[in-house]
Amino acid sequence: MVVFYGLRMFKRNPSSSLTYISSTCEIQGVLNVEGNLRVDGIVHGTVEVRGDMEISQSGLVEGPELRANNIVVHGVVKARVIAEGRLTLTRTGRLEGDVTAHSLDIEAGAFYLGHIATNEMKSLPVAPSYPELIGQEEQPPAESSRLR
């Protein structure tokens with residue numbers, strides 16, 4: 001098993017650092033990243049990001065679980081996905097796996113196969129208050145008045 005820890009670039013705060021997996025890179029094992037992650041290459045295994053994650057059109061993440069704050073998928077993900085914030089599946093994205101996310105955006109043209117559970121609760125707008133309509137019931141004309 002390979003465990004890869006994200007690098008802190010330029011001695012910045014870990015939450016603002018970026019770990020980049022290029023299109024010529026393939027990783028197999030457990031990937032733990034402090035900060036943000038962009039995947040242009042291939043990752044086979046469990047991915048845990050303590051920041052945001054983006055999978056480009058050339059990127060592939062395949063494994064038992066992918067976890068990050070906000071996730072944007074332009075490429076392919078075949079895993080159980082847990083997004084603490086927002087999961088965005090763009091029109092070029094393909095996701096196969098169950099999703100748990102605070103909120104979810106799926107663009108037209110995206111492919112998704114699995115179960116979705118979101119924590120986003122949006123209430124419907126309150127209907128305006130209308131006065132109660134009071135009227136008289138219409139009575140059919142009496143038989144005797146129709147004969148005259």
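Only heavy atoms go into these numbers, but all of them, side chains included; no hydrogens, no water, no symmetry mates.
- With values rounded to the nearest 0.5 angstrom, Arg86 atom CZ is found 6.0 Å from Thr88 atom OG1.
- Val76 and Leu104 fall into different hydrophobic clusters, where Ile, Leu, Val, Met, Phe, Trp and Tyr side chains are chained together by heavy-atom contacts under 4.5 Å.
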Ignoring hydrogens and angles, write down the donor-acceptor pairs under 3.5 Å from the side chains of residues 59-67, residues two or more places apart or on other chains.
residue: Glu62; atom: OE1; partner: His44; partner atom: ND1; Å: 3.4
residue: Glu65; atom: OE1; partner: Arg80; partner atom: NH1; Å: 2.8
residue: Arg67; atom: NH1; partner: Glu84; partner atom: OE2; Å: 3.2

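- Connection of Ile71 to Tyr112 is established within a shared hydrophobic cluster, with ILVMFWY side chains joined at heavy-atom distances below 4.5 Å, either directly or through further cluster members.
- When hydrophobic clusters are built by joining Ile, Leu, Val, Met, Phe, Trp and Tyr residues whose side-chain heavy atoms come closer than 4.5 Å, directly or via intermediates, Ile27 is grouped together with Val39.
- Once rounded to the nearest 0.5 Å, the distance linking CG of Asn36 with CZ of Arg50 reads 12.5 Å.
- Taken from CZ in Arg91 to CD1 in Ile106, the straight-line distance is 15.5 Å, to the nearest 0.5 Å.
- Here Glu107 pairs with nothing under the side-chain hydrogen bond (donor to acceptor under 3.5 Å, both in side chains) rule; sequence neighbours left out.
- Partners of Thr24 according to the side-chain contact (heavy atoms from CB on, under 4.5 Å) rule, which considers only residues two or more places apart in sequence or in another chain, are Ser22.
- Across Glu34 and Ser17, no two heavy atoms sit closer than the pair O-OG, 3.0 Å.
- Not one N or O on the side chain of Thr46 forms a donor-acceptor pair closer than 3.5 Å with the backbone of Val30.
- Annotation: side chain of Val81 is not in contact with side chain of Thr100 (no heavy-atom distance under 4.5 Å).
- Every residue two or more places apart in sequence or in another chain was checked for a salt bridge (charged side-chain N to carboxylate O under 4.0 Å, His left out) with Asp98, and none qualifies.
- Leu37 and Ile82 fall into different hydrophobic clusters, defined by Ile, Leu, Val, Met, Phe, Trp and Tyr side-chain heavy atoms under 4.5 Å apart, directly or through other members.
- Alongside Leu113, the hydrophobic cluster contains Phe111 (criterion: ILVMFWY side chains under 4.5 Å).
- Grouping the Ile, Leu, Val, Met, Phe, Trp and Tyr side chains by contacts below 4.5 angstrom, directly or via other members, places Val33 with Val47.
- With His74 as the partner, the side-chain hydrogen bond (donor to acceptor under 3.5 Å, both in side chains) test is satisfied by one option alone out of Glu54, Arg94, Gln57: Glu54.
- Every residue meeting the side-chain contact (heavy atoms from CB on, under 4.5 Å) condition with Ser56, not counting sequence neighbours, appears here in chain and number order: Arg38, Asp40, Ser58.
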